[in-house]
Amino acid sequence: MTTFFFYVMVLLAILIGAYLYRVLQGPTIFDRVLGLNGISTKAIILFIVIGTYSERVNMFIDISTGYALINLVGALAVAKYLEQKGLP
Amino acid sequence: MIFPFEIPLLLLLLVTAAGAILVKDLMSAVLLLGTYSFFLSLVWGWFGAVDVAFVEAVVGAGLGTVLFLLTLFGTAPKDTRLHRPPPSLLTLIVFPLLGFLLLYAASDLPEFRDPSSPASVHISPTYLEQSYQDTHTPNVVTAVLMDYRSLDTMVETVVIFAAGIACILLLRRQVK
Amino acid sequence: MALFVFWVLISASFEWIHLGLGLVFSFAVAWINSGHSLFVPKFRLWLRILLYLPWLFYKIIESSLYLSKLILHPALPIDPQLVSVDSKLRHHAAVVLLGNSITLTPGTITVEVDSNKLIVHAMDKVLSEDIESKQIESKIADIFKDEEPDL
Amino acid sequence: MDILSIIFIVAGLFFMIVAAIGVVRLPDVFSRSHAVSLTDSLGAFLMLVGIAFHEGLGKNTLKILVVLALLYILNPVIAHATIRAAFRSGVKPWQKKSS
């Protein structure tokens with residue numbers, strides 16, 4: 001079971017790479033914001049999987065809760081900025 | 001634990017940092033810095049330093065991004081595109097040399113997770129065994145930070161407080 | 001109140017000192033922010049929303065499978081289009097629930113909301129017809145059928 | 001119990017892989033956001049439920065469910081905000097070339 005979780009972690013890291021490609025490459029700024037959103041969702045899940053892997057979920061789950069909330073604040077700030085400023 | 005998981009995370013970190021330096025647009029650089037903080041927080045989490053990871057996520061990814069955006073919002077630059085001059089010859093020589101020196105120095109350090117290194121022979125066990133009796137704090141990191149090094153932490157807090165007051169004094173609006 | 005439940009859930013410790021602190025702080029935060037709360041749901045409404053969630057989940061699975069098929073298809077046969085929907089819902093909360101459900105369902109996303117008119121971006125003909133057939137909307141109208149209209 | 005959780009996690013991973021392929025392949029912001037919402041809604045749900053099965057009943061499972069509910073409430077808000085910003089600042093949706 002532990003090795004299974006380890007492979008899940010490596011696979012998630014590779015998937016984050018795909019999103020990172022979109023963040024780096026994205027033609028418009030909104031692509032980058034979307035990629036950031038996807039990365040943070042992945043990071044939340046990756047945190048919980050790391051916690052399960054090291055059998056200390058109770059510590060890691062608090063961070064992932066915080067992550068979800070912070071992600072909301074950041075993305076809303078970016079969206080509001082872009083809505084008022086228009087495309088750079 | 002044969003394959004170290006930190007290697008893909010570090011690769012992602014390197015790619016993000018290089019992207020944040022090389023990207024042509026100020027907004028995108030801000031977003032890439034946020035991504036960088038996410039990855040750094042993942043690395044801390046993987047090493048087991050959960051509170052550091054939490055601080056990194058809150059300050060780096062959340063607060064840092066919002067503050068950068070507020071700065072962009074307040075200064076309202078006409079053109080957020082960046083123009084970089086090509087690096088000078090001195091930079092190209094000095095920085096690889098510095099990196100090489102640092103790596104050379106790091107090769108002298110004891111192996112990571114080595115049970116017989118000086119740090120894990122007598123410092124860490126002492127803290128681990130005695131911190132609860134000394135301070136009655138369940139978390140060792142908190143015990144070190146708040147009890148053994150409490151004066152240090154207090155003065156750090158004073159410095160940050162002074163910086164905050166200075167920022168408020170500089171940025172406040174004059175009410176007529 | 002809801003904040004207090006949230007506190008208990010995230011701290012997950014049931015000692016008296018934690019419960020007391022949580023109670024004080026959640027009421028303080030709720031009292032500071034009380035100007036914003038427009039909509040206080042009643043118990044029967046919560047029950048109906050809970051009963052609505054499994055159906056929404058079924059919709060999510062159905063359209064997820066469809067969207068996965070679209071993405072994995074080698075020729076990428078997508079036909080994105082903007083659809084404008086006039087809903088008959090008469091509540092802010094109902095429109096919010098409708099927009100959230102549409103966005104949560106893969107393949108369709110709410111682009112713009114103007115009181116009760118929504119612009120929806122759909123990935124395909126099939127998905128946009130799914131929006132126009134107004135299944136989700138009639139379900140939500142059913143949920144909110146005996147509330148006071150406020151829109 | 002372990003087999004059940006493995007099944008759930010593998011299904012979640014499948015949806016995440018599909019979403020990553022979609023994020024790389026699709027042509028514009030609007031359709032890419034669909035792929036991201038695919039991960040958010042179904043991939044995260046399946047993986048977190050799988051991990052919850054692995055944990056068994058207890059405080060941790062409760063907290064995992066709290067994270068799941070947070071994801072379900074917050075992610076549509078984020079996607080909608082981003083897409084509305086894109087729409088209002090005048091990004092044209094990609095259209096299929098009319099033959």
Side-chain angles (χ1 to χ4, degrees), chain A residues 1 4-5 7-8 11-12 14-19 21-23 25-31 33-42 44-49 51-52 55-58 60-62 64-65 67-69 71-72 74-88, chain D residues 2 5-6 9-10 12-13 16-17 19-30 32-33 35-41 43-44 47-48 50-52 54-55 58-64 66-71 73-75 77-91:
Chain A
M1 203 64 190
F4 172 69
F5 276 120
Y7 286 124
V8 169
L11 200 57
L12 275 178
I14 294 170
L15 287 185
I16 285 180
Y19 281 87
Y21 166 77
R22 184 46 70 203
V23 176
Q25 186 67 35
T28 67
I29 199 94
F30 306 107
D31 288 306
V33 180
L34 268 185
L36 189 57
N37 184 13
I39 284 177
S40 73
T41 312
K42 292 284 186 309
I44 290 164
I45 294 168
L46 192 51
F47 255 122
I48 297 179
V49 176
T52 324
E55 294 178 355
R56 284 182 304 179
V57 190
N58 50 349
F60 282 90
I61 206 122
D62 294 337
S64 39
T65 318
Y67 246 65
L69 294 171
N71 179 28
L72 173 83
L76 279 187
V78 175
K80 207 153 196 67
Y81 173 80
L82 289 172
E83 214 171 86
Q84 300 197 2
K85 288 297 266 268
L87 263 182
Chain D
D2 274 359
S5 85
I6 285 181
I9 291 177
V10 167
L13 272 180
M16 289 201 171
I17 292 170
I21 293 172
V23 166
V24 175
R25 265 188 91 184
L26 290 172
D28 77 331
V29 190
F30 296 93
R32 273 178 211 133
S33 73
V36 175
S37 88
L38 181 71
T39 345
D40 289 346
S41 53
M47 289 209 55
L48 290 182
I51 293 171
H54 177 73
E55 284 296 312
K59 281 180 194 171
N60 291 334
T61 311
L62 202 62
K63 283 191 184 179
I64 286 176
V66 172
V67 172
L68 189 58
L70 268 182
L71 277 181
I73 297 172
L74 299 187
N75 267 323
V77 178
I78 295 170
H80 169 65
T82 313
I83 288 303
R84 191 174 68 170
F87 184 71
R88 285 198 180 160
S89 57
V91 178

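So that the names make sense, note that chain A is the first sequence line, chain B the second, and so on, each numbered from 1. These numbers come from the heavy atoms of this one structure, side chains and all, not from hydrogens, waters or symmetry mates.
Contact check for D/Asn75 versus A/Asn37: side-chain heavy atoms found under the 4.5 Å cut-off. Residues A/Leu11 and D/Leu13 meet the side-chain proximity criterion, which asks for heavy atoms closer than 4.5 Å.
In this structure, CD1 on D/Ile51 lies 5.5 Å from CZ on A/Phe5, to the nearest 0.5 angstrom. Atom CG of residue A/Leu72 and atom CG of residue D/Leu71 lie 11.0 Å apart, to the nearest 0.5 angstrom. Residue A/Ile48 holds its CD1 atom at 5.0 Å from CG of D/Leu48, rounded to the nearest 0.5 Å.
For A/Ile16, no part lies near chain D; criterion is any non-hydrogen pair under 4.5 Å. Looking at A/Leu34, the atoms closer than 4.5 Å to chain D (heavy atoms on both sides) sit in the backbone and in the side chain alike. Neither the backbone nor the side chain of A/Ile14 has a heavy atom closer than 4.5 Å to any heavy atom of chain D. When heavy atoms are compared at a cutoff of 4.5 Å, D/Ile17 approaches chain A by way of both its backbone and its side chain.
When every heavy atom of D/Met16 is checked against every heavy atom of A/Ile45, the shortest pair comes out as CE-CD1, 3.2 Å.
For A/Ser40, the side-chain hydrogen bond (donor to acceptor under 3.5 Å, both in side chains) partners two or more places apart in sequence, or in a different chain, are A/Asn71.
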side-chain contact (heavy atoms from CB on, under 4.5 Å) between A/Phe4 and D/Ile9: does it pass, once the steps are laid out? CA-CA 10 Å; A/Phe4 172 69; D/Ile9 291 177; 4.0 Å; yes
